[in-house]
Amino acid sequence: MPAMALCAASPAAPAVLHVDQAHPACDDDGEGTPSAPFCTIDQAADEAFPGDEVVVASGLYNERVSPARSGLPGSPIVLRAADGASVTVTSPTYGFQISAKSWIVVRGFTVADTVSYGIYAKDSSFVTIAANHVTRAGEPVDGMTRAGIYLNNTSDSVVTGNVTVENTDGGIKLNNAATRNLVEKNISAYNARGYTRAAPGIDVRSGGNTIVRNVTHHNEDTGIQIYNGAHDNLIVSNIAYDNGDHGIDVLRSTGQTILNNTVYRNVTAGINVEGGSTGCRLANNISVDNAIQGPRTRGNIRVDTESIPGTTIDHDLVWHSVPDTMITWGSVKHATLAGFVAATGMELHGLEADPLWVSPQAGDFRLTAGSPAIDSADSGAGSAASLQGPSSATVAGVSRSPARTRRAGS
């Protein structure tokens, strides 16, 4: 006697489920066809099986979107704005909430004015968050601030090509055993709590992640911060400028690899390693005009006494347009690179020179002809491509990715 089917099977072939709240025939009890689309994104997400695409027409959707099931390797569930559409999701809670799911893609949305996180993935894996614009998540009130994109105990995921601006607790956050994630080619700017200096561009509080080719600027606090036990991350080929604290800040987090970054005109020490963050490797970075007459820590590069053991620093280019602390090493502030090298024997291949960027005031850090940074890097230090962990599938990116700051010699 044949066994009785215990549950409904998924569709035999991937489906495209259409959402268009403005369509006169939209129906959340319907089939999601172009002529009778769903009215809400969440209903379509609930109906989607592995391999299905949820395609959303232009409009303002006031709802929380939370997929009901996971995709599969090679057959993710894709939630995306229709080609050429302008889709905004707002919500009194989350914009997108992915909980205990895997193989989900969220692409091409504007997520704005959510009371909680804009895009939130918890206890999940193999999630791709791509080419979204996330803004004004949370509220600028103590206890109610929220990051724009948050990976919470989420692994093997990709956050790529997003713009995160004016959120109340940072643009992108990784926390609570969020590991083996790739955060690449995002722009994170103007994030601020408002009542206290605390919101960074990218906030990493877990280890084993790759932070590569992001641009962080004009954030209330640091551009990229690696905090409180977030060991063994790769921070490679990022640009961090005009942030309210450091460009890159490592606190109580060992074993960081910090390569090929551009750090400019941040309020305090440009690349800052402190609080027992031992065993860090700094190379091929360009750090210019940071902490000039700064109110707190000083220097284009700073490593505190507790973080010196096992930390190496070489092949970096540093420069000040006016005299100030060039490098702080332990408790000693060195006004010049030559003085630092003589005192420590570190940074033997470093340069103190103007990198000759095209227009740093306008955020253009391309090198002009004759730049001393060209062909000055350590070619053996590794590139973003050779060092990074998981890689994303081809997705739509942002309009401008960070320029390569130093060209390794052959």
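The shown structure was predicted, so the numbers you read here are calculated from the model rather than taken from an experiment. Computed over heavy atoms, backbone and side chain alike; hydrogens, waters and symmetry mates excluded.
- A centroid separation of less than 6.0 Å is found between the aromatic rings of Y241 and F365.
- With Y227 as the fixed residue, the side chain to side chain donor-acceptor pair (under 3.5 Å) test singles out one of D203, T222, D249: D249.
- Residue pairs meeting the ring pair (Phe, Tyr, Trp, His ring centres under 6.0 Å) criterion with at least one member in residues 284-313, sequence neighbours excluded, do not occur.
- By the 30° and 60° cut-offs, the orientation of the rings of Y190 relative to H217 is perpendicular.
- A 6.0 Å sphere centred on CD of Q293 holds no more than 12 heavy atoms belonging to other residues, nucleotides or ligands.
- Between H315 and H349, the angle of the ring planes stays under 30°, which puts this pair in the parallel group of the 30/60° scheme.
- Between the side chain of S371 and the backbone N or O of A373, at least one donor-acceptor pair lies under 3.5 Å.
- Put simply, the side chain of T328 never gets that close to the backbone of G299: no donor and acceptor are under 3.5 Å apart.
- In this pair, Y94 and Y117 present their aromatic rings parallel. The plane angle is below 30°, not in the 30 to 60° band.
- In summary, the side chains of T90 and D113 do not present any donor paired with an acceptor at a separation below 3.5 Å, with no hydrogens or angles considered.
- The only option from Y61, Y120, F109 that meets the ring-ring contact (aromatic ring centres under 6.0 Å, His included) definition with F96 turns out to be F109.
- In this structure a side-chain-to-backbone donor-acceptor pair under 3.5 Å is missing from N153 to S124.
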